[in-house]
Amino acid sequence: VAVFAEPDKKPDAQKSDKAAKSDSKKKKADKEKQPAKESSDQEKEDAVLGGIPDQQTFYGLRIPNFSPGGKLLMLFAADSAKRIDNRDIEMNGLKIEIHNDDGSTFHVEMAHSVFNLDTRILKSDTPTTIKRDDFTIEGQRAEFHTKERFGHMYGDVKMVIFNTGDDTNTDQNSNSK
């Protein structure tokens, strides 16, 4: 994965030292208003995804998303990614791991999807599968809001809940004397 970044811009030569310090304090205050994770991860994602030239395909794209404490929250892994316009990245063979605070992990698989850099929304127009240890959900289409970590599934949606090991069969319990 190649990461591209813009070169640092030099401060305007016309500004006085006092004005430059004032601007620096404003920028620092603005950064403190935003959570470090959100700003940092979004900048990293933008550097990777924004660095993909138009109509060029990258293979084996992996983008991790960490908490401020360094814990892995999400991992995007795509077989291929292609920038289709200024704001959209088309991905094939996308697999997402979502790690929750309770220790559970969701696995999302999308054969084809498009990620919008402006809205941070990932949409799939192909069958999508979400798996966790205790269930599987399959739908015809999906939409995932990466910033909020919230999603929708559309079309013929099916959910299978696996045996959790809890024997709650009331018929068996009521027949024993």
Side-chain angles (χ1 to χ4, degrees), residues 1-9 30-31 34-162:
V1 175
V3 178
F4 301 91
E6 289 185 84
D8 293 330
K9 295 181 181 178
D30 288 343
K31 281 185 180 179
Q34 297 178 344
K37 174 191 123 339
E38 186 177 301
S39 174
S40 167
D41 283 342
Q42 187 168 335
E43 287 172 7
K44 289 176 186 176
E45 288 173 9
D46 288 345
V48 174
L49 296 173
I52 297 175
D54 284 345
Q55 302 303 316
Q56 184 172 345
T57 302
F58 278 68
Y59 297 94
L61 181 71
R62 293 174 56 91
I63 303 173
N65 185 305
F66 294 96
S67 72
K71 180 183 174 202
L72 180 64
L73 297 175
M74 287 191 283
L75 175 65
F76 286 77
D79 292 340
S80 67
K82 178 180 180 180
R83 184 182 203 112
I84 54 178
D85 59 33
N86 283 341
R87 62 177 197 192
D88 294 318
I89 306 292
E90 178 183 59
M91 291 184 260
N92 290 301
L94 179 63
K95 294 179 181 173
I96 307 169
E97 285 182 20
I98 304 169
H99 301 277
N100 293 315
D101 292 337
D102 65 2
S104 64
T105 301
F106 288 87
H107 298 274
V108 180
E109 294 183 16
M110 299 175 169
H112 177 263
S113 59
V114 175
F115 182 68
N116 184 295
L117 293 168
D118 295 336
T119 63
R120 316 306 283 181
I121 296 174
L122 177 69
K123 292 183 179 183
S124 176
D125 56 357
T126 59
T128 299
T129 302
I130 300 174
K131 293 180 183 180
R132 196 173 76 177
D133 289 341
D134 56 345
F135 69 81
T136 299
I137 303 174
E138 296 175 348
Q140 292 175 325
R141 297 183 331 272
E143 183 175 293
F144 184 60
H145 299 246
T146 60
K147 204 172 186 181
E148 293 86 11
R149 297 178 65 184
F150 178 81
H152 300 275
M153 295 193 85
Y154 302 98
D156 186 19
V157 178
K158 295 178 184 173
M159 180 175 189
V160 176
I161 301 173
F162 303 112

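Index from 1, following the sequence.
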Contacts of [X] that satisfy side chain to side chain contact (heavy atoms under 4.5 Å, CB included) - sequence neighbours left out:
| X | answer |
| --- | --- |
| Thr136 | Thr129, Lys131, Glu138, Phe162 |
| Glu143 | Ile121, Lys123, His145, His152, Tyr154 |
| Asp88 | Ile84, Asp85, Val114, Asn116 |
| Asp101 | Lys71 |

Straight-line distance of [X] [atom1] to [Y] [atom2], nearest 0.5 Å:
| X | Y | atom1 | atom2 | answer |
| --- | --- | --- | --- | --- |
| Thr119 | Lys147 | OG1 | NZ | 10.0 Å |
| Arg132 | Ile130 | CZ | CD1 | 11.0 Å |
| Arg83 | Phe115 | CZ | CZ | 11.5 Å |
| Ser113 | Asn92 | OG | CG | 7.5 Å |
| Leu73 | Asn100 | CG | CG | 9.0 Å |

Closest non-hydrogen atom pair, Gly139 against Met153: N-CE, 3.2 Å

Which atom of Leu94 lies closest to which atom of Phe76, heavy atoms considered: CD1-CD2, 4.2 Å

Salt bridge (charged side-chain N to carboxylate O under 4.0 Å, His left out) involving Asp102 - partner list, sequence neighbours excluded: none

Residue pairs fulfilling salt bridge (Lys or Arg N to Asp or Glu O under 4.0 Å) with at least one residue in residues 108-117, sequence neighbours excluded: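 For residues 108-117: none.
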
Audit row: Asp118, Asn86, side-chain contact (heavy atoms from CB on, under 4.5 Å) steps and yes/no: CA-CA 10 Å; Asp118 295 336; Asn86 283 341; over 6 Å; no

Are the side chains of [X] and [Y] in touch, meaning some heavy atoms are under 4.5 Å apart?
| X | Y | answer |
| --- | --- | --- |
| Ile137 | Val157 | yes |
| Gln55 | Lys82 | yes |
| Pro64 | Leu72 | yes |
| Gln140 | Thr128 | no |

Residue pairs passing the ring-ring contact (aromatic ring centres under 6.0 Å, His included) test where at least one lies in residues 120-139, sequence neighbours excluded: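 Sorted result for residues 120-139: Phe106-Phe135.
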
Within 6.0 Å of CG in Asp54, more than 12 heavy atoms from elsewhere: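 For Asp54, atom CG is crowded (more than 12 foreign heavy atoms under 6.0 Å).
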
Holding to side-chain hydrogen bond (donor to acceptor under 3.5 Å, both in side chains), I want the full list of residues that pass it with [X], two or more places apart in sequence or in another chain.
| X | result |
| --- | --- |
| His99 | Glu97, Thr105 |
| Thr126 | Ser124 |
| Arg87 | none |

